[in-house]
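Accompanying notes for the structure given below.
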Amino acid sequence: QVQLVESGGGLVQAGGSLRLSCAASGRTFSGYVMGWFRQAPGKERESVAAIRWSGGSTYYADSMKGRFTISRDNAQNMVYLQMNSLKAEDTAVYYCAARRGPEFAMDTQRYDYWGQGTQVTVSS
């Protein structure tokens, strides 16, 4: 049974940084794409970044480029999202997700597994 467990969220001041972690278990993720999404109150869930488990190539939503970095540790089955220069508008619940790759996908419906999410609150 696949499990994705996020951690690392919290309260941070604008301009600060956080690193989110996603612990993945339950199968071999070779060939999968791992993604980070976020959902702010009253808004739809949106893509933040994604990474291919095999090879490590990445994708970023335009508004995240230059501030967020996605990475993975194959040996530990972990996926990370380093977030720098945080803004109040980055406040949201952040979710880790997985889909059978290798194509990147921004549509939530194309992801097979989801974590429960971790809250990130950026105070201005």
Side-chain angles (χ1 to χ4, degrees):
Q1 181 176 353
V2 172
Q3 277 197 314
L4 303 175
V5 180
E6 304 94 336
S7 62
L11 175 63
V12 63
Q13 289 189 334
S17 298
L18 279 176
R19 188 176 83 152
L20 305 183
S21 300
C22 172
S25 62
R27 65 158 297 123
T28 300
F29 289 93
S30 175
Y32 270 62
V33 170
M34 308 299 291
W36 283 99
F37 288 75
R38 70 184 185 183
Q39 187 166 18
K43 295 188 176 182
E44 292 188 354
R45 195 169 297 188
E46 64 174 347
S47 174
V48 174
I51 187 167
R52 290 193 175 101
W53 197 268
S54 305
S57 53
T58 58
Y59 161 86
Y60 295 92
D62 287 343
S63 61
M64 320 299 171
K65 288 179 181 177
R67 297 193 300 126
F68 291 5
T69 303
I70 189 171
S71 61
R72 90 270 191 252
D73 182 333
N74 287 12
Q76 299 295 323
N77 266 21
M78 298 291 293
V79 181
Y80 303 100
L81 184 68
Q82 176 68 42
M83 305 186 295
N84 299 327
S85 302
L86 283 163
K87 307 173 183 179
E89 50 264 42
D90 294 318
T91 294
V93 178
Y94 284 72
Y95 297 90
C96 179
R99 68 178 300 272
R100 295 169 185 84
E103 298 81 11
F104 289 123
M106 308 309 114
D107 186 347
T108 59
Q109 295 185 359
R110 297 184 67 185
Y111 280 78
D112 304 300
Y113 305 104
W114 291 87
Q116 292 301 307
T118 185
Q119 176 71 48
V120 171
T121 302
V122 184
S123 63
S124 57

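Below, each value reflects all heavy atoms present in this structure, side chains not excepted, and no hydrogens, waters or symmetry copies.
Between F29 and R72 the shortest side-chain heavy-atom distance does not fall below 4.5 Å. Using a 4.5 Å heavy-atom threshold, the side chains of Y59 and S47 count as touching. Counting heavy atoms from C-beta outward, M34 and I70 have side chains that stay 4.5 Å or more apart. Residues L20 and M83 meet the side-chain proximity criterion, which asks for heavy atoms closer than 4.5 Å. Annotation: side chain of Y32 is in contact with side chain of R27 (closest heavy-atom distance under 4.5 Å). Contact of the Q119 side chain with the T91 side chain is registered, since non-hydrogen atoms from C-beta on lie closer than 4.5 Å.
Checking side-chain atoms of T118 against main-chain N and O of S7 turns up no donor-acceptor pair under 3.5 Å. A donor-acceptor pair under 3.5 Å is formed between the side chain of Y111 and the backbone N or O of A105. Between the N77 side chain and the S25 main chain, no donor and acceptor come within less than 3.5 Å of each other.
Closest heavy-atom contact between F68 and Y60: O-CE2, 3.1 Å.
The side chain to side chain donor-acceptor pair (under 3.5 Å) check on R52 picks up S57, with sequence neighbours excluded. When the salt bridge (Lys or Arg N to Asp or Glu O under 4.0 Å) test is applied to R100, the partners found at least two apart in sequence or on another chain are D112. Partners of S30 according to the side chain to side chain donor-acceptor pair (under 3.5 Å) rule, which considers only residues two or more places apart in sequence or in another chain, are S54.
Hydrophobic clustering keeps L4 apart from M78 (ILVMFWY residues linked when any side-chain heavy atoms are closer than 4.5 Å, directly or through intermediates). Taken together through direct or relayed side-chain contacts under 4.5 Å among Ile, Leu, Val, Met, Phe, Trp and Tyr, L11 and L81 form parts of separate hydrophobic clusters. In the hydrophobic cluster analysis, where Ile, Leu, Val, Met, Phe, Trp and Tyr join through side-chain heavy atoms closer than 4.5 angstrom, L18 is grouped together with M64. Hydrophobic clustering (ILVMFWY, side-chain heavy atoms < 4.5 Å, transitive): V33 and V79 are in distinct clusters. Placement of F104 and Y113 in two distinct hydrophobic clusters is found when ILVMFWY residues are connected by side-chain heavy-atom separations under 4.5 Å, directly or transitively.
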Under the side-chain contact (heavy atoms from CB on, under 4.5 Å) criterion, do Y95 and Q39 qualify, and how do the steps go?
CA-CA 8 Å; Y95 297 90; Q39 187 166 18; 4.1 Å; yes

So F37 and V93, side-chain contact (heavy atoms from CB on, under 4.5 Å) or not? Walk me through it.
CA-CA 8 Å; F37 288 75; V93 178; over 6 Å; no

Between W114 and C96, is a side-chain contact (heavy atoms from CB on, under 4.5 Å) present by the stated rule, with each step listed?
CA-CA 6 Å; W114 291 87; C96 179; over 6 Å; no

Applying side-chain contact (heavy atoms from CB on, under 4.5 Å) to T28 and W53, what does each step give before you reach the verdict?
CA-CA 10 Å; T28 300; W53 197 268; over 6 Å; no

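Identified under the salt bridge (charged side-chain N to carboxylate O under 4.0 Å, His left out) test for residues 53-62, with sequence neighbours left out: D62-K65. Sorted by first then second residue, the salt bridge (charged side-chain N to carboxylate O under 4.0 Å, His left out) pairs that include residues 38-50, not counting sequence neighbours, are R38-E46, R38-D90. A side chain to side chain donor-acceptor pair (under 3.5 Å) check over residues 79-89, counting only residues at least two apart or in different chains, returns the pairs S17-N84, Q82-N84.
Distance check: L86 CG to R67 CZ gives 6.5 Å after rounding to the nearest 0.5 Å.
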